[in-house]
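On a predicted model such as this, the values are computed, not experimentally measured, just so you know. Only heavy atoms go into these numbers, but all of them, side chains included; no hydrogens, no water, no symmetry mates. Residues: numbered from 1 along the sequence shown.
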Amino acid sequence: MSGTVVVSGLSVASPNGLGTQDYWSATTAGRSGIGPVSRFDASSYPAGLAGEVPGFVAEDHLPGRLLPQTDRMTRLALVVADWALADAGVRTEETPAYDMGVATASSSGGFEFGQNELRALWSKGSQYVSAYQSFAWFYAVNTGQISIRNGMKGPGSVVVSDQAGGLDAVAQARRQVRKGIPMVLTGGIDASLCPWGWVAQMSAGRLSTTRDPARAYLPFDAAAHGHVPGEGGALLVVEDEEAAHRRGARSLGEIAGYGSTFDPAPDSGRPPTLRTAIEIALRDAGITADDVDAVFADGAGLPDLDRAEALALTEVFGAGGVPVTVPKTMTGRLHSGAAPLDLAGALLAMRDGVIPPTVNVSPSPGLTLDLVCETRPARLGTVLVLARGHHGFNSAMVLRAPRTRQGDR
């Protein structure tokens with residue numbers, strides 16, 4: 001085992017593209033997937049915009065027996081897992097079961113499934129509640145169903161830390177690989193665009209109530225006033241670099257560093273700790289701020305949280321010291337799926353030498369950020385991805401472009 005953990009495959013389900021190719025072509029072109037909610041009637045709610053994954057028909061991808069026992073979130077996850085494994089060239093039926101693990105993140109569980117079963121309970125009675133309710137709503141269900149479908153009997157885990165959870169799950173996967181598990185499927189897929197999930201999200205007071213998709217989610221803009229929620233995310237195959245090389249797999253990039261912190265209580269008088277998470281991740285990667293070529297920021301879309309993130313970036317990198325982008329302005333905030341989607345975007349950005357844009361935003365001059373608002377060509381060797389979860393979770397992850405090995409073309 002080399003101790004170097006790389007990403008050998010990935011796939012995505014995003015509001016601006018189902019599958020990696022559609023997502024990336026839309027993202028580099030600046031095409032948004034945010035629009036009016038269509039999965040339920042949101043006309044009576046203050047907020048009415050979301051990022052919905054287009055064109056996904058579960059019946060086209062999954063056996064009928066799985067449909068009655070799965071939420072939309074899990075159906076998306078199962079399909080994206082299939083695509084990610086195929087992208088990595090992993091044939092699960094030919095791989096020892098205990099050599100494959102799963103570590104996913106979740107922030108909502110199967111809300112839509114749970115809502116439907118609660119409706120049956122209240123309107124018809126307990127005998128009409130599906131037995132599958134016992135697990136279909138559960139935070140760990142994606143890990144479980146992916147493991148069962150693919151015969152993956154290595155370590156299985158789920159991380160629940162809201163938007164930061166996607167990075168935390170990938171960090172957990174890296175730990176497992178370093179402990180000797182050859183391959184782990186990791187990341188996050190969330191989907192809670194149903195009335196129950198909608199009300200739960202509105203209760204945080206962070207959703208934008210604007211009905212214009214181009215003005216609803218504006219991180220680092222003076223007009224920022226909330227975010228747009230979304231569904232989807234990304235799953236990645238991570239493995240030891242030497243093991244991946246031996247089986248002929250290519251590396252999309254290295255998971256080089258990781259750091260996480262938890263903010264003090266708002267009334268404590270102590271500052272937030274995102275800067276510390278960044279510094280921990282840089283130390284873990286063995287680099288300095290000068291080595292970072294771009295940052296995929298969290299971009300909360302609320303003035304106070306945007307100021308705190310901009311301050312942390314300025315303290316670490318200097319005023320305008322590194323290009324910063326928030327491609328989730330094209331998808332909305334996908335909860336535990338957001339950061340894995342940013343990881344996928346960062347890996348593709350390093351591959352293609354381009355920084356995707358932050359759309360619709362006019363950077364607030366007081367934040368001293370080099371915010372990338374149009375697609376920008378760039379040589380990217382090292383990228384930092386940030387994520388923050390509700391109530392104080394902070395995570396940072398450093399990705400390094402794949403090394404050219406002797407004998408590789």
Side-chain angles (χ1 to χ4, degrees), residues 1-12 19-21 24 80-104 143 146-147 149-157 166-188 233-258 281 284-287 339-353 380-383 385 397-409:
M1 303 291 283
S2 68
T4 300
V5 179
V6 300
V7 178
S8 58
L10 63 86
S11 192
V12 309
T20 304
Q21 182 174 342
W24 189 235
V80 173
D82 288 349
W83 292 344
L85 290 166
D87 186 53
V90 174
R91 298 178 63 86
T92 56
E93 69 277 10
E94 298 175 359
T95 306
Y98 290 95
D99 285 354
M100 301 179 290
V102 183
T104 68
T143 290
I146 291 170
S147 300
R149 176 169 168 79
N150 295 285
M152 306 168 86
K153 298 183 179 181
S157 59
L167 295 187
D168 298 337
V170 176
Q172 171 67 4
R174 184 175 73 150
R175 293 187 197 102
Q176 294 293 354
V177 171
R178 286 179 166 177
K179 289 179 180 179
I181 302 301
M183 185 272 289
V184 180
L185 183 71
T186 186
L235 294 173
L236 301 85
V237 177
V238 301
E239 53 188 313
D240 179 78
E241 183 181 44
E242 291 297 333
H245 183 68
R246 283 195 300 271
R247 71 176 187 85
R250 90 294 200 203
S251 165
L252 297 172
E254 176 192 351
I255 303 168
Y258 165 74
D284 186 39
I287 62 174
L341 188 63
D342 275 348
L343 290 176
L347 292 164
L348 296 168
M350 290 192 295
R351 182 195 69 183
D352 293 348
L380 302 175
T382 303
V383 175
V385 178
M397 184 162 282
V398 176
L399 298 175
R400 185 178 290 127
R403 296 179 292 179
T404 301
R405 304 173 60 100
Q406 186 174 3
D408 287 352
R409 294 184 179 180

*Asks:* Is any side-chain heavy atom of L347 closer than 4.5 Å to one of L399?
*Replies:*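 Yes, side chains in contact.
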
*Asks:* Has S11 got a side-chain atom pairing as donor or acceptor with G19's backbone, closer than 3.5 angstrom?
*Replies:* no

*Asks:* Go through the steps for V385 and L167 under the test side chain to side chain contact (heavy atoms under 4.5 Å, CB included), then give the verdict.
*Replies:* CA-CA 8 Å; V385 178; L167 295 187; 4.1 Å; yes

*Asks:* Roughly how far apart are R247 CZ and R91 CZ, rounded to 0.5 Å?
*Replies:*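 That separation rounds to 11.5 Å.
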
*Asks:* With side chain to side chain contact (heavy atoms under 4.5 Å, CB included) as the criterion, how do M152 and M183 come out once you've worked through the C-alpha distance, each side chain's angles and the decisive distance to 0.1 Å?
*Replies:* CA-CA 10 Å; M152 306 168 86; M183 185 272 289; 4.0 Å; yes

*Asks:* Nearest 0.5 Å, please: how far is CD1 in I255 from CG in L343?
*Replies:* 7.5 Å

*Asks:* Just checking, is any N or O donor in the side chain of E239 or S8 under 3.5 Å from an acceptor N or O on the other one?
*Replies:*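 Looking only at side-chain atoms, S8 and E239 do form a donor-acceptor pair, the distance falling under 3.5 Å.
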
*Asks:* Listed by chain and number, what are the salt bridge (charged side-chain N to carboxylate O under 4.0 Å, His left out) partners of R351, not counting sequence neighbours?
*Replies:*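 Listed in chain order: nothing, the list is empty.
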
*Asks:* Which atoms form the tightest heavy-atom contact between V184 and A173, and what is the distance?
*Replies:* CG1-CB, 3.6 Å

*Asks:* Would the distance check show the side chain of R174 and the main-chain N or O of V6 forming a donor-acceptor pair, the cut-off being under 3.5 Å?
*Replies:* no

*Asks:* I want to check something: taking the side chain as every heavy atom from C-beta on, are V102 and T186 in contact at a cut-off of under 4.5 Å?
*Replies:*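 Heavy-atom side-chain distance check fails, nothing below 4.5 Å.
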
*Asks:* I would like to know whether D99 and K153 meet salt bridge (charged side-chain N to carboxylate O under 4.0 Å, His left out); could you show each step before the answer?
*Replies:* CA-CA 7 Å; D99 285 354; K153 298 183 179 181; over 6 Å; no

*Asks:* Roughly how far, to the nearest 0.5 Å, is the CE atom of M100 from the OG1 atom of T95?
*Replies:*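 Result: 5.0 Å between the selected atoms.
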
*Asks:* Considering only heavy atoms from C-beta outward, does the side chain of D87 approach that of V237 to under 4.5 Å?
*Replies:* no

*Asks:* Would you say that V5 contacts E241 through its side chain, given a criterion of any heavy-atom pair below 4.5 Å between the two side chains?
*Replies:* no

*Asks:* Run the side chain to side chain contact (heavy atoms under 4.5 Å, CB included) test against A171 and tell me which residues pass, sequence neighbours left out.
*Replies:* R175, Y258, M397

*Asks:* Does D240 come within less than 4.0 Å of R246, counting only side-chain N to carboxylate O?
*Replies:*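 Looking at D240 and R246, the cut-off is not met.
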
*Asks:* What are the two closest non-hydrogen atoms of P402 and G253, and how far apart are they?
*Replies:*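 It is CD-CA, 3.8 Å.
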
*Asks:* Kindly determine whether Y98 and I181 satisfy side chain to side chain contact (heavy atoms under 4.5 Å, CB included), including the steps that lead there.
*Replies:* CA-CA 8 Å; Y98 290 95; I181 302 301; over 6 Å; no

*Asks:* Could you walk me through whether V12 and V80 satisfy the side chain to side chain contact (heavy atoms under 4.5 Å, CB included) test, starting with their C-alpha distance in whole Å, then the side-chain angles of each, then the deciding distance to 0.1 Å, before giving a yes or no?
*Replies:* CA-CA 6 Å; V12 309; V80 173; 5.7 Å; no

*Asks:* Kindly give the heavy-atom pair with the smallest separation between A346 and V383, and that separation in Å.
*Replies:*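 Taking A346 first and V383 second, the nearest heavy atoms are CB-CG1, 3.8 Å.
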
*Asks:* Can you find a pair of side-chain heavy atoms, one from T92 and one from L85, that are under 4.5 Å apart?
*Replies:* yes

*Asks:* Does the side chain of D82 reach to within under 4.5 Å of the side chain of R149, using non-hydrogen atoms?
*Replies:* yes

*Asks:* Looking only at non-hydrogen atoms, find the nearest pair between D284 and G257 and report the distance.
*Replies:*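 That closest heavy-atom pairing would be OD2-CA, 3.3 Å.
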
*Asks:* Do the non-hydrogen side-chain atoms of L10 and L235 ever get within less than 4.5 Å of each other?
*Replies:*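 Not in contact.
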
*Asks:* Between R178 and G3, is there a donor-acceptor pair closer than 3.5 Å when you use the side chain of the first and the backbone of the second?
*Replies:*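 Such a contact is found between R178 side chain and G3 backbone.
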
*Asks:* So, do L236 and L185 sit near enough that their side-chain heavy atoms are less than 4.5 Å apart?
*Replies:*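 No. Closest side-chain heavy atoms not under 4.5 Å.
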
*Asks:* Please report the shortest heavy-atom distance between G187 and A169, naming the atom on each side.
*Replies:*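 Reported closest heavy-atom pair: O-CB, 4.0 Å.
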
*Asks:* Where is the tightest heavy-atom contact between S157 and Q172, given as atom of each residue plus distance?
*Replies:* OG-CG, 3.6 Å

